[in-house]
Amino acid sequence: MPAEVKVEAKSAQFASPPLTERQEARRRRILHASAQLAGRGGFDAVQMREVAESSQVALGTLYRYFPSKVHLLVATMQDQLDHMHGTLRKKPPAGDSAAERVAETLMRAFRALQREPHLADAMVRALTFADRSVSPEVDQVSRRTTAIILDAMGLDDPTPAQLSAVRVIEHTWHSALITWLSGRASIAQVKIDIETVCRLIDLTDPGETAPAKKA
């Protein structure tokens with residue numbers, strides 16, 4: 001069983017009951033409202049009362065779904081990554097090596113966030129502020145990022161060394177996003193850092209690099 005699936009299966013033992021169709025639709029409206037408000041004004045623009053009004057749910061209902069703004073914005077990032085993952089699967093990266101494909105994938109994700117800097121800043125700030133109470137949502141963001149990278153590598157069953165490399169790549173991508181948002185790094189510098197850290201993939205490849213998955 002792939003490592004990510006093992007983690008998902010273990011987490012599922014303690015997961016909340018699945019949402020009904022109506023509850024899922026309500027959750028989608030909340031996440032959409034959160035992204036719109038963040039896109040217009042960043043972290044400070046996401047006020048729970050405004051989110052409730054925009055998504056047409058009662059404020060108490062909103063807090064049952066998301067106990068705080070940080071919970072909401074981390075879930076918004078998970079949702080954004082889900083959309084990115086779907087787009088990447090429709091048009092997978094074309095690099096010859098796993099390292100090249102991962103670097104291309106992460107730069108495409110970075111450019112998608114670059115198009116909405118206020119939203120990107122709000123989500124990253126939420127991740128930075130997240131405490132233990134937000135661990136399930138943060139874990140979901142990490143799992144989505146891992147899945148995106150493993151897809152680009154063409155791996156279903158990574159070795160422990162490969163998973164370790166993926167974690168380092170995730171940390172670098174997150175750090176690069178923070179430094180860019182704070183104006184301390186250019187896009188060119190981000191690209192160099194991403195390409196450099198992705199070379200770890202070659203160092204952890206136990207054999208021939210796996211071919212990219214077909215869409």
query: With no hydrogens and no angle check, do the side chains of R144 and Q140 hold a donor and an acceptor under 3.5 Å apart?
result: yes
task: Could you tell me which non-hydrogen atom of M123 sits nearest to which non-hydrogen atom of L73, and how far apart they are?
output: CG-O, 3.9 Å
- prompt: Between V141 and V168, is there a shared hydrophobic cluster once you connect ILVMFWY residues whose side-chain heavy atoms come closer than 4.5 Å?
  reply: yes
- prompt: Could you go step by step and tell me if T196 and I192 meet the side chain to side chain contact (heavy atoms under 4.5 Å, CB included) rule?
  reply: CA-CA 6 Å; T196 299; I192 290 170; 4.0 Å; yes
message: Is it true that, when you exclude H32 itself, more than 12 heavy atoms of the residues, nucleotides or ligands shown sit nearer than 6.0 Å to its NE2?
response: no
- prompt: Between K191 and E195, is the closest basic N to carboxylate O distance under 4.0 Å?
  reply: yes
message: Quick check: do I201 and D205 have side-chain heavy atoms less than 4.5 Å from each other?
response: no
message: Tell me the closest heavy-atom pair linking V138 and A130, and the distance in Å.
response: CG2-CB, 3.8 Å
message: Quick check for you: to the nearest 0.5 Å, what is the distance between L119 atom CG and Q114 atom CD?
response: 13.5 Å
- prompt: Under the side chain to side chain contact (heavy atoms under 4.5 Å, CB included) criterion, do I187 and W180 qualify, and how do the steps go?
  reply: CA-CA 7 Å; I187 299 299; W180 173 75; 3.2 Å; yes
- request: Taking only Lys NZ, Arg NE, NH1 and NH2, and the carboxylate oxygens of Asp or Glu, determine whether E104 and R108 approach each other closer than 4.0 Å.
  value: yes
query: Given L88 and D151, is the side chain to side chain contact (heavy atoms under 4.5 Å, CB included) satisfied, shown in steps?
result: CA-CA 9 Å; L88 289 164; D151 263 11; over 6 Å; no
L113 and M84, any side-chain heavy atoms less than 4.5 Å apart: yes
- request: Could you tell me whether the side chain of T105 reaches within less than 4.5 Å of the side chain of I149, counting heavy atoms only?
  value: no
Distance-only polar pair, side chains of S182 and R184, donor-acceptor under 3.5 Å: yes
task: Considering only NZ, NE, NH1 and NH2 on the basic side and carboxylate oxygens on the acidic side, decide whether D79 and R28 come within less than 4.0 Å.
output: yes
query: Measuring from Q78:CD to R143:CZ, what's the distance to the nearest 0.5 Å?
result: 8.5 Å
Exercise: do S142 and E170 side chains pair donor with acceptor under 3.5 Å: yes
- request: Might you work through the side chain to side chain contact (heavy atoms under 4.5 Å, CB included) test for V102 and L106, ending with a clear yes or no?
  value: CA-CA 6 Å; V102 172; L106 293 178; 3.9 Å; yes
Show me the donor-acceptor pairs, under 3.5 Å and distance only, between side chains in residues 62-70 and residues at least two apart or in other chains.
unit_1, atom_1, unit_2, atom_2, d
R64, NH2, T61, OG1, 3.1
Y65, OH, Q23, O, 3.4
Y65, OH, R26, NH1, 3.0
S68, OG, V70, N, 3.3
S68, OG, H71, N, 3.2
S68, OG, H71, ND1, 2.6
K69, NZ, F43, O, 3.0
K69, NZ, V46, O, 3.4

task: Could you list the residues that satisfy side chain to side chain contact (heavy atoms under 4.5 Å, CB included) with T87, not counting sequence neighbours?
output: none
